[in-house]
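Here it is: the structure, laid out below.
Below, each value reflects all heavy atoms present in this structure, side chains not excepted, and no hydrogens, waters or symmetry copies.
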Amino acid sequence: MFDGLRLRHWRAEADAEGIVTLTLDRSDASINAMAHAVLEELDQALDRLLIEPPKGLIVRSGKTAGFIAGADIHEFAQYAQTGAVRAVIGYGQRVYQKLASLPCPSVAAIHGHCMGGGTELALACTYRVASSDPKTRIGLPEVMLGIHPGWGGSARLPRLIGALQALPLMLTGKTVAADKARALGLVDRVAEPSALLDAARHVLRQHPARAFEVRLRAWASNTWIARQILAPIMRRQTAAKVRKAHYPAPFALIEVWRRGGGNLQRRLRLEADSVVRLAATPTAHNLVRVYFLQERLKALAGDAAHGIAHVHVIGAGVMGGDIAAWCAYRGFSVSLQDREMKIIEPALARAKTLFAKRLKTPERVAAAQARLHADPDGTQVAAADLVLEAIYENLEAKRALYAAAQPNLRANALLASNTSSIPLNELARGLGAPERFIGLHFFNPVAQMPLVEVVRHARLAADTEQRALAFCRAIDKLPLPVKGTPGFLVNRILMPYLLEAIRALGEGIPGALLDRAARGFGMPMGPIELADTVGLDVAASVGQELAPFLGLELPQGVSRLLDAGKRGKKDGQGFYRWQDGKPVKPDVPKDYRAPDDLELRLIAPLLNEAVACLAEGVVDDADLLDAGVIFGTGFAPFRGGPITYIRSIGADTLHAQLQALATTHGPRFAPRPGWDHPALRAIA
């Protein structure tokens with residue numbers, strides 16, 4: 001059937017029943033991404049199948065890592081730069097429609113990650129079967145790149161499972177496990193990984209009908225009247241989460257669906273036109289760049305081996321306890337130490353909640369719990385490959401802890417601190433093996449924040465840094481090497497922003513208005529709510545460490561609240577009152593008018609300090625600075641990071657705005673050294 005057809009990335013095999021298995025095993029990559037060459041070969045293979053139709057077709061992956069990760073993002077970035085997006089979208093749609101139009105049934109056998117263009121290929125098949133492996137996740141995350149599905153995803157998924165199920169998946173980019181996909185009607189069968197191909201053959205033999213409930217909701221939610229009624233509701237729900245000016249893709253997707261009718265070709269044309277427009281937006285450009293920044297952070301560890309099996313965490317507070325739980329969740333043996341058992345018990349309870357939420361099955365939850373041990377006496381220090389200190393921010397207390405632990409450390413064990421602001425050179429003073437001491441600064445909440453600052457100091461050994469980077473990747477975090485100066489990168493940049501917001505609050509500007517201004521810029525959370533969430537005690541501790549270094553003063557509002565025992569969200573009271581984990585924000589008086597420069601006044605200190613960090617070499621380059629601030633603070637991803645944002649506005653423009661703010665509000669806004677840095681004028 002495939003005689004004479006030379007394929008580098010695909011392999012075709014026919015069995016005795018006449019069923020052809022088409023296996024994608026991209027020859028030039030460790031994962032399957034739908035590059036143009038891969039798509040062209042699929043096109044050729046489908047042409048042969050049209051000439052000699054088999055009894056059935058199975059599409060599967062030859063990679064152990066997953067099915068298909070989606071389109072090749074490197075190629076997509078090139079297409080966006082050269083204006084070739086329309087051509088590649090149109091070609092992909094035609095190839096996938098050729099698959100959908102085969103005169104034989106087809107089934108996608110999905111194991112591992114199935115994303116974007118991979119999911120769209122599966123949707124073009126007649127059926128889908130998925131492996132029950134926990135690593136199997138199916139989704140259409142194109143909104144994360146500032147676009148939406150373009151190879152038929154928006155045209156097919158709502159008609160398959162119903163708009164009320166399909167649109168939320170595409171609007172958020174969320175992925176679903178195999179069982180959830182089965183419940184939605186996205187896949188027809190779930191099987192053990194070893195039985196996946198047998199399940200695919202069984203489906204081809206049986207031609208199972210979709211459940212009546214799924215067919216009914218698919219029809220009812222896609223009628224003309226349903227689309228006209230539901231689309232405005234979805235727009236309002238989406239607008240409550242993101243702004244159209246910041247993230248246009250979700251709104252464009254809703255409109256494509258609203259206008260699409262029963263004709264598939266019309267739906268595909270609307271989809272393609274919309275993706276072409278979105279790909280040209282600054283949001284898409286910056287979000288694609290953020291994707292590459294994330295990949296760069298992942299690659300920093302290289303092929304280094306971390307050599308860590310047992311992690312011992314000292315300090316069972318919120319940060320230490322949650323770091324211990326996360327390491328156990330990621331498969332490490334973990335011991336957790338504090339002064340007495342009653343301090344450790346709340347951390348173990350939080351860990352149990354994390355395991356239940358993430359791991360689902362009782363067996364996997366029990367296995368994770370078995371990996372986490374309470375060790376109030378610290379006997380496991382001698383067995384650990386990594387000892388991580390996570391006590392309160394006090395230089396002398398940390399040094400005393402190291403002095404007690406060091407004689408018990410194994411010969412090759414790493415000693416690390418989760419300090420959020422204390423310079424590493426000061427912490428390392430007096431250590432017997434400073435070359436194996438490093439900073440590992442996690443962010444709160446540990447389970448949600450992806451970044452870990454890997455903090456350097458003068459006597460750090462290169463192999464220690466590489467082991468630390470590799471460990472961060474092993475626990476699924478993004479490592480960022482930073483200089484060990486006060487506040488490192490993220491807290492140093494964040495603190496002037498928080499302090500200015502608290503100062504403005506003390507001047508009488510309502511907290512809700514300050515938060516609204518920051519969210520209007522694109523921050524995921526306002527600064528007053530953020531201070532409460534981090535904890536006013538933590539913010540004050542970091543502020544006291546950084547304020548002299550940055551030449552800033554601590555506003556008095558924080559100390560008054562702390563004296564009254566109000567530390568923020570964890571106590572139910574800080575700047576705001578907290579109820580059921582959410583802040584209760586007082587209404588802004590209707591006649592109150594926000595200062596015209598409020599947004600700039602909040603954001604400018606952050607940008608100013610970012611420039612200073614770049615000039616001082618706190619990170620190795622401007623791209624890593626952008627990555628650190630985005631993944632460490634949530635800084636508006638659609639803006640590309642502080643340095644990219646400065647480039648887009650113009651360094652001279654922002655420099656002049658800082659000078660104007662300094663004249664109006666005080667010398668704390670004076671431009672920091674570094675505004676002549678070449679990276680501020682480089683092309684992003």
Review point. Is S274 reaching over with its side chain to a backbone N or O of E271, donor-acceptor style, under 3.5 angstrom?
Key: no

Review point. Of all heavy-atom pairs between G634 and P524, which one has the smallest distance, and what is that distance?
Key: O-CD, 3.0 Å

Review point. Quick check: does any side chain N or O of T23 sit under 3.5 Å from a backbone N or O of R60, one acting as donor and the other as acceptor?
Key: no

**Study point:** Backbone of A29 reached by a side-chain donor or acceptor of K63 within 3.5 Å
**Key:** yes

Exercise for review: Show your working on side-chain hydrogen bond (donor to acceptor under 3.5 Å, both in side chains) between E529 and T533 and close with a plain yes or no.
Suggested key: CA-CA 6 Å; E529 183 178 342; T533 302; 5.0 Å; no

Review point. Is the number of heavy atoms from other residues, nucleotides or ligands within 6.0 Å of CG (D587) greater than 12?
Key: no

**Study point:** Aromatic ring pairing Y79/H36, orientation class (parallel under 30°, perpendicular over 60°, tilted between)
**Key:** perpendicular

Review point. Donor-acceptor pair, R8 side chain versus A37 backbone, under 3.5 Å?
Key: no

**Study point:** From CE (M523) to CG (D515), nearest 0.5 Å
**Key:** 11.0 Å

Review point. Are the side chains of M170 and E142 in touch, meaning some heavy atoms are under 4.5 Å apart?
Key: no

Review point. Got a salt bridge between E120 and R156, using NZ or NE/NH1/NH2 to carboxylate O under 4.0 Å?
Key: no

Review point. Mind checking whether Y645 and F521 have parallel, tilted or perpendicular rings, split at 30° and 60°?
Key: perpendicular

**Study point:** Test item: R266 side-chain N/O and R259 main-chain N/O as donor-acceptor pair under 3.5 Å
**Key:** yes

Check your understanding: Any ion pair linking R205 and E17 (charged N to carboxylate O, less than 4.0 Å)?
Key -> yes

Point to revise | Polar side-chain atom of R137 near backbone of G112 as donor-acceptor pair, under 3.5 Å | key: no

**Study point:** Interatomic distance, L624 atom CG to I643 atom CD1 [nearest 0.5 angstrom]
**Key:** 11.5 Å

**Study point:** Polar side-chain atom of Q93 near backbone of L268 as donor-acceptor pair, under 3.5 Å
**Key:** yes

Check your understanding: Is it true that a side-chain atom of W10 and a backbone atom of L22 form a donor plus acceptor pair closer than 3.5 Å?
Key -> no

Study note, to complete from the structure: In short, L121 meets F67 closest at the heavy-atom pair CD2-CZ, 4.2 Å

Point to revise | Gap between atom CD1 of I147 and atom CG of L253 - 0.5 Å precision | key: 11.0 Å

**Study point:** Expected output: side-chain D188 to main-chain V129 donor-acceptor under 3.5 Å
**Key:** no

Check your understanding: Under 3.5 Å, is there a donor-acceptor pair between the side chain of S106 and the main chain of T126?
Key -> yes

Practice item. Might you confirm whether atom NZ of K180 has over 12 heavy atoms from other residues, nucleotides or ligands at distances under 6.0 Å? Key: no

Point to revise | D273 bridged to R86 by N-O distance under 4.0 Å | key: yes

Practice item. Please report the C-alpha distance between N222 and W257 in whole Å, then the side-chain angles of each, then the deciding distance to 0.1 Å, and finally whether the side-chain hydrogen bond (donor to acceptor under 3.5 Å, both in side chains) criterion is met. Key: CA-CA 9 Å; N222 284 287; W257 171 74; 2.9 Å; yes

